[in-house]
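Taking it in order: structure first as structure tokens, then the write-up.
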Amino acid sequence: TLIGAGSITAIGGTGVDYGTNGMNAGGGGGRIDLSGVTTNSYTGTLSSSGGNGGIADPDARDRGYAGTIYFGVNPTVTIASGKTWVMGVGTSTESSIYNWGTGSLRVTGTLQIDGFPTANSSSGGSPTITVASSTIDSGGSLNANGLGWGGGFAVGLICRNGAGPGGGSGGGGIIVGIGSSGGSYGGLGGYGAASSSFNEFPGGRVYGYATSTFLGSGGGSGSDGGVCRTGGAGGGAIVLSVTNTLTVTGTIAANGGSGITAAAGGSGGSVNITAGTLIGAGTITATGGAGVGSGANGMNGGGGGGRIDL
């Protein structure tokens with residue numbers, strides 16, 4: 001029996017700021033095994049998230065990816081209000097670990113699902129959660145927001161493109177007024193432009209198809225006062241298979257992240273739901289992140305929308 005409201009984590013370590021010594025990425029999340037728990041009344045925090053990267057701006061592509069949480073056969077999984085659980089696939093060969101058979105999933109707090117970049121022939125993806133029934137309560141969130149491909153960032157004096165098949169264009173050099181374009185996936189990322197000339201450059205390429213479960217792509221890095229700023233990360237992927245009824249009065253989301261200070265937004269990711277019955281008055285979104293900064297900092301595009309398949 002597992003009871004309590006504490007914290008169980010196997011989080012990857014944080015990378016070191018790169019400076020002149022190169023980039024140092026965050027470590028991947030570890031493994032948590034709860035298969036021996038016969039009665040689970042735990043209401044605390046549970047996380048196998050990856051560590052942050054060494055770049056000062058958040059959402060950078062050098063973060064670590066989340067590891068797995070193993071619940072065993074036919075579990076009843078409940079995330080309590082005000083609590084956040086984070087889990088991922090660890091490697092692209094472990095996706096079957098979340099086949100919970102006749103088990104159930106109830107999200108009253110927040111459940112974040114991380115992806116893995118080499119899945120789906122390197123378009124990225126995340127594990128499928130298979131359950132008999134699921135409820136996302138009002139105020140609850142099942143999401144992969146900003147957990148796709150990372151945004152562009154500085155490498156030396158160059159503001160780089162966003163990561164992923166549809167990564168947005170970076171501003172190039174650190175000259176003030178060079179904009180960046182948004183990441184693309186289901187929709188085309190917004191154009192970027194230099195403030196001095198308004199010469200436009202397009203977002204990344206659109207990719208995938210109606211039922212794709214790929215990760216969204218990152219926005220390009222823009223410049224601000226001679227400093228490259230990090231583009232927003234793409235949305236991740238929520239892949240949910242429910243044999244009976246899925247009730248959504250809360251939120252299911254795979255939204256892209258906004259640019260930081262003066263950079264483009266990441267694209268929305270994937271929400272792919274198979275259910276016997278889908279009911280509720282909640283929201284399901286795969287929205288692109290906002291481009292941030294304009295005028296003297298150039299024009300920085302918003303991320304394109306992702307893909308939703310029901």
Side-chain angles (χ1 to χ4, degrees), residues 1-16 25-54 58-59 63-91 94-116 126-147 233 236-240 242 247-255 257 282:
T1 299
L2 178 62
I3 301 173
S7 178
I8 301 173
T9 63
I11 298 172
T14 301
V16 178
R31 307 287 188 266
I32 298 174
D33 183 0
L34 302 179
S35 61
V37 176
T38 55
T39 302
N40 191 347
S41 299
Y42 180 70
T43 59
T45 297
L46 194 62
S47 177
S48 61
S49 65
N52 292 328
D59 291 335
R63 69 177 179 86
Y65 290 85
T68 53
I69 301 176
Y70 183 49
F71 294 94
V73 179
N74 304 327
T76 297
V77 178
T78 302
I79 297 91
S81 176
K83 302 299 182 180
T84 297
W85 291 13
V86 182
M87 63 189 193
V89 67
T91 71
E94 294 180 293
S95 60
S96 63
I97 197 169
Y98 300 118
N99 186 343
W100 296 338
T102 60
S104 64
L105 170 66
R106 183 162 201 149
V107 181
T108 305
T110 299
L111 175 59
Q112 294 181 323
I113 306 297
D114 201 359
F116 198 75
S126 71
T128 299
I129 299 176
T130 301
V131 291
S133 62
S134 181
T135 299
I136 314 301
D137 287 313
S138 178
S141 174
L142 170 62
N143 79 73
N145 294 336
L147 294 177
I238 299 294
V239 187
L240 185 61
V242 182
T247 302
V248 181
T249 54
T251 300
I252 298 177
N255 299 331

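Along the sequence shown, the residues carry numbers beginning at 1.
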message: Quick check on side chain to side chain contact (heavy atoms under 4.5 Å, CB included): which of I113, T68, V239 does P127 satisfy it with?
response: I113
message: Using the rule side chain to side chain contact (heavy atoms under 4.5 Å, CB included), only one of D114, I97, L111 pairs with M87; which is it?
response: L111
Results of side-chain hydrogen bond (donor to acceptor under 3.5 Å, both in side chains) for [X] - residues two or more places apart only:
X: T108; answer: D137
X: D33; answer: S35
X: S141; answer: N143
X: T102; answer: N74

Without swapping roles, check the side chain of [X] against the backbone of [Y] for a donor-acceptor pair under 3.5 Å.
X: S134; Y: L105; result: yes
X: Y42; Y: T78; result: no
X: W85; Y: G44; result: yes
X: T43; Y: G4; result: yes
X: N255; Y: N145; result: no
X: Y65; Y: L147; result: no
X: T135; Y: V248; result: no

Set of residues satisfying side-chain contact (heavy atoms from CB on, under 4.5 Å) with respect to T9, sequence neighbours excluded: S7, I11, S47
Any idea which heavy atoms bring [X] and [Y] closest together, and the distance?
X: G236; Y: A254; answer: O-CB, 3.5 Å
X: A253; Y: T251; answer: CB-CG2, 3.9 Å
X: S48; Y: G88; answer: OG-N, 4.2 Å
X: A144; Y: A237; answer: CB-N, 3.6 Å

query: Looking at side-chain heavy atoms only, is the closest gap between S104 and T76 below 4.5 Å?
result: yes
query: Stepwise, does the side-chain contact (heavy atoms from CB on, under 4.5 Å) test hold for L46 with L34?
result: CA-CA 11 Å; L46 194 62; L34 302 179; 4.0 Å; yes
Residue pairs involving residues 64-86 (criterion salt bridge (Lys or Arg N to Asp or Glu O under 4.0 Å); sequence neighbours excluded): none
- request: Find the distance between CD1 (I238) and CG (L142) and round it off to the nearest 0.5 Å.
  value: 4.0 Å
